[in-house]
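Both counts, for ligands and for their atoms, begin at 1 and track the order of listing. FYI, the numbering just counts along the sequence from 1.
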Amino acid sequence: MKLFLDTANVAAIKKWVDTGLIDGVTTNPTHLAKEGTDPKKRVLEICKLLPYGEISVEVTETDPNKVYEQAKEIAALSDNILVKIPCHRDYYPIIAQLVDEDVKLNITLVFSLVQSLFMCKLGVTYISPFIGRWDDIDVEGKDVLIELRDVIDDYTYETQVLAASIRGVRHLHEAILSGVDAATVPLDVLQKASQHILTDQGIGKFNADWAKLGVKNFP
Ligand code: E4P
């Protein structure tokens, strides 16, 4: 399972790339807007940090023809870019065309099994079901992930499922259990997920016991 960072913060990405855990980054207009006024520079920096990773960059145009042109321009920025396009009816024809032209797409703002199946039929690389935004309105977001895994496997589609809108460690746990191909994780969630009180206590106890022995060189 791949782990992506859900951020456009270059310093934080650098820090997490060092762990060897990170397979890519998902940016979006909100993330890029937070980081300042030169989003193209930011995207290129992120692409260089993970030359073998997958970096998702979202379109910001809304008219379908302009979305098509912008998607091509974004894809041309770097070999490791996937273009994010919202799962909206107006964009279905250009999604089909871009897939035909071998542009790798990550379809974002996916909320239902039916939307997902449509995108699998169009042959996109990733679909991103947003689980946190379902939970925000009191609907169990993880259910879409579970249903989706079964459907994609039954029909043998090649589209990969990328769990998005992850709000806590519990969501990440549910994404792992549902068998998704990837999850994109915000920095605070990844930080929390990488700590465990019992691991910390265990290290403390081993260190204390070892210190009592008084051996300086080992082995
Ligand atoms: C995914 O690619 C999106 O950037 C992200 O997961 C959105 O999450 P949010 O619902 O927390 O904004």
Options Arg133, His31, Glu58, Lys84, ranked by nearest heavy atom to atom 2 (O) of ligand 1, top entry
Lys84
For ligand 1, which is the ligand I care about here, please tell me if Arg167 has any N or O atom under 3.5 Å from one of the ligand's N or O atoms.
yes
What is the closest protein heavy atom to atom 4 (O) of ligand 1, and at what distance does it sit?
Asn28 ND2, 2.7 Å
Please determine if Arg133 and Asp136 form a salt bridge, counting it only when a charged side-chain N lies under 4.0 Å from a carboxylate O.
no
Looking at side-chain heavy atoms only, is the closest gap between Val99 and Leu105 below 4.5 Å?
yes
Look at the aromatic rings of Phe130 and Phe111 and report parallel, tilted or perpendicular, splitting at 30° and 60°.
tilted
Atom 5 (C) of ligand 1 - nearest protein heavy atom and its distance
Asp6 OD2, 3.0 Å
Under the 3.5 angstrom rule, does the side chain of Gln160 hit a backbone N or O of Ala182 as a donor-acceptor pair?
no
Suppose we measure from atom 7 (C) of ligand 1 to each protein heavy atom; which comes out shortest, and what is that distance?
Phe130 CE2, 3.5 Å
Would you say Thr184 has any N or O atom under 3.5 Å from an N or O of ligand 1, going by distance alone?
no
Evaluation steps, salt bridge (charged side-chain N to carboxylate O under 4.0 Å, His left out), between Arg149 and Asp153:
CA-CA 6 Å; Arg149 182 72 279 155; Asp153 291 347; 3.0 Å; yes
Ala164 heavy atoms within 4.0 Å reach ligand 1 at atoms 1 (C), 6 (O)
Would a 4.5 Å heavy-atom cut-off, applied to side chains only, mark Leu82 and Ile55 as touching?
no
Can you tell me which residue and heavy atom of the protein come closest to atom 8 (O) of ligand 1, and the distance to 0.1 Å?
Ser165 CA, 3.4 Å
Ignoring hydrogens and angles, write down the donor-acceptor pairs under 3.5 Å from the side chains of residues 186-198, residues two or more places apart or on other chains.
{"from": "Ser194", "atom 1": "OG", "to": "Leu190", "atom 2": "O", "distance (Å)": "3.2"}
{"from": "Ser194", "atom 1": "OG", "to": "Gln191", "atom 2": "O", "distance (Å)": "2.8"}
{"from": "His196", "atom 1": "ND1", "to": "Leu198", "atom 2": "N", "distance (Å)": "3.1"}

Using a 4.0 Å cutoff against the non-hydrogen atoms of Thr26, which atoms of ligand 1 qualify?
2 (O)
